[in-house]
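Accompanying notes for the structure given below.
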Amino acid sequence: MKGFVKKETSPFLVLLLLIAFVIGGAFVATFIYAVLGDMLFGVGMFELERALKNPTEFPQGRSAIMFYQGIVSLCMFVFAPLLLIQSLGYNLGRYLNWKDRPMLGLVLLSGLLIIAIMPANSLIIYWNANMSLPDFMQQFEDWARQKEEYAAELTKLFAKFTTIPELLVGLLVIAVIPAIGEELLFRGVVQRQIQRWSGNGHVGIWVAAIAFSAIHVQFFGFVPRMVLGALFGYLYWWSGRISVPIVAHFVNNGFTVLLLYLYQTGSIEADIESSEPMPVYSVVMSVVLSAGLLYYLYKEFMKLPLLQKQEAEPESTNNFTDAPNLPGRTDGL
């Protein structure tokens, strides 16, 4: 496909285009729901907020909100970045390197890393959730706390998984679509463009991680989400394959959904929704195991065949792979 935007477009303009595409995706999703929402669930576009606040008033309110969330995520985070990449004239498979799969064992270890790091991350979650801001930021803190309460209510509505069909829908809307979409957007586009702009892979990773956390509009969960975003960024940078952070992201969200299901069906007793830190011994073990896995993954990803670096070309060009800049390699952007 020949793009209608020049591939030499500056990273700043590409990011502006990305914002425009994402906003366009939001409008498309709203239109789709406006057409189908009332027909499928008996909840119109302008009744969604009421359904959220008074779910008992709308028997299918939860299903309607899940449907709306799913199409919004698809349009804003999956279709928008893919359309942008196509518009720039890139071959999707070569741009994202999603066909250049690493060894299955490395993908599985990347998922295991996310589980292993959870006890250590619980300490950061607890600190961030209970931090107090200076007096001059009181107004911002009050606003941020209100956003947290709203997000908590939304989570309570979403996180009711007592049957297998509910679990599968939850995995699709909360794990599968966000894992694919958010990694395409933040790692596949934002991280790469910031890296191209700054010439520094670390800058690309951390700017994308900050944007990834900020878009969730949860200040008292900002730091742990930023750290997680940076971890996804490094997995992408080291491996050069978008499939790796997608799988890691899916494991993070999907494992939480699964634990909620097990908790709500009485299979486990731990309170998954608690923000309390895990026991000290588990945090220490988590830090040691995570550090070991990170080092091992880094070394093994460096052994993967080089994704030959060349200037990004339209799809018709046969010699383009355009890999991310990998530490210690000569195929960087």
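Residue numbers run from 1 in the order of the sequence given.
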Reported [atom1]-to-[atom2] distance for the pair [X] and [Y], which is rounded to 0.5 angstrom:
{"X": "R241", "Y": "L96", "atom1": "CZ", "atom2": "CG", "answer": "13.0 Å"}
{"X": "F79", "Y": "L185", "atom1": "CZ", "atom2": "CG", "answer": "13.5 Å"}
{"X": "F27", "Y": "I23", "atom1": "CZ", "atom2": "CD1", "answer": "7.5 Å"}
{"X": "L228", "Y": "H249", "atom1": "CG", "atom2": "NE2", "answer": "7.0 Å"}
{"X": "I115", "Y": "I117", "atom1": "CD1", "atom2": "CD1", "answer": "12.0 Å"}
{"X": "L108", "Y": "M103", "atom1": "CG", "atom2": "CE", "answer": "11.0 Å"}

Inset, instruction - Please check if the distance between the ring centroids of F140 and F219 is under 6.0 Å. - result: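 So the answer is yes for these two rings.
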
Inset, instruction - Answer with yes or no after comparing the ring centroid distance for F161 and Y261 against a 6.0 Å cut-off, counting only values under it. - result: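 Ring centroids of F161 and Y261 are no less than 6.0 Å from each other.
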
Inset, instruction - Apply the side chain to side chain contact (heavy atoms under 4.5 Å, CB included) test between L84 and each candidate in L184, V14, V22; give the one that qualifies. - result: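 Exactly one pass, corresponding to V14.
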
Heavy-atom pair with the smallest gap, counting every atom of [X] and [Y]:
{"X": "G181", "Y": "V78", "result": "CA-CG2, 3.5 Å"}
{"X": "S290", "Y": "L113", "result": "O-CD1, 3.7 Å"}
{"X": "N121", "Y": "P224", "result": "OD1-CB, 3.5 Å"}
{"X": "Y236", "Y": "R187", "result": "CE2-O, 3.4 Å"}
{"X": "V223", "Y": "N128", "result": "N-OD1, 2.7 Å"}
{"X": "A209", "Y": "G229", "result": "CB-C, 3.8 Å"}

Would you call [X] and [Y] a side-chain contact if the rule is heavy atoms closer than 4.5 Å?
{"X": "L304", "Y": "W238", "result": "no"}
{"X": "I32", "Y": "C75", "result": "yes"}
{"X": "L235", "Y": "L297", "result": "yes"}
{"X": "R225", "Y": "Q218", "result": "yes"}
{"X": "L258", "Y": "L171", "result": "no"}
{"X": "M285", "Y": "L289", "result": "no"}
{"X": "L259", "Y": "T256", "result": "no"}
{"X": "I65", "Y": "F41", "result": "no"}

Inset, instruction - Determine the interplanar angle of the F212 and H216 rings, folded into 0 to 90°, and report it as parallel if under 30°, tilted if 30 to 60°, perpendicular if over 60°. - result: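 Ring orientation of F212 relative to H216: perpendicular.
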
Inset, instruction - Could you tell me how the ring of F67 sits relative to the ring of Y33: parallel (under 30°), tilted (30 to 60°) or perpendicular (over 60°)? - result: tilted

Give a yes or no on whether the backbone of [Y] and the side-chain of [X] come within a donor-acceptor separation of less than 3.5 Å.
{"X": "Q195", "Y": "R192", "value": "no"}
{"X": "Y68", "Y": "G37", "value": "no"}
{"X": "S239", "Y": "V244", "value": "no"}
{"X": "S110", "Y": "L106", "value": "yes"}
{"X": "T265", "Y": "L262", "value": "yes"}
{"X": "D38", "Y": "M45", "value": "no"}
{"X": "Q191", "Y": "A208", "value": "no"}
{"X": "N252", "Y": "I114", "value": "no"}
{"X": "N130", "Y": "Y126", "value": "yes"}
{"X": "E166", "Y": "T162", "value": "yes"}

Legend entry - Distance under 6.0 Å and angle within 45° of ring axis: R145 vs F220: yes

Inset, instruction - Ignoring hydrogens and angles, state whether a donor on the side chain of Q138 or D142 is under 3.5 Å from an acceptor on the partner side chain. - result: yes

Legend entry - R196 side chain to Q193 side chain, donor-acceptor N/O pair below 3.5 angstrom: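 Yes, side-chain donor-acceptor contact under 3.5 Å.
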
Legend entry - Single-linkage hydrophobic cluster F12~F186, side-chain heavy atoms < 4.5 angstrom: yes

Legend entry - Cluster check I174, I164: I/L/V/M/F/W/Y, side chain < 4.5 angstrom: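 Yes, one cluster joins them.
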
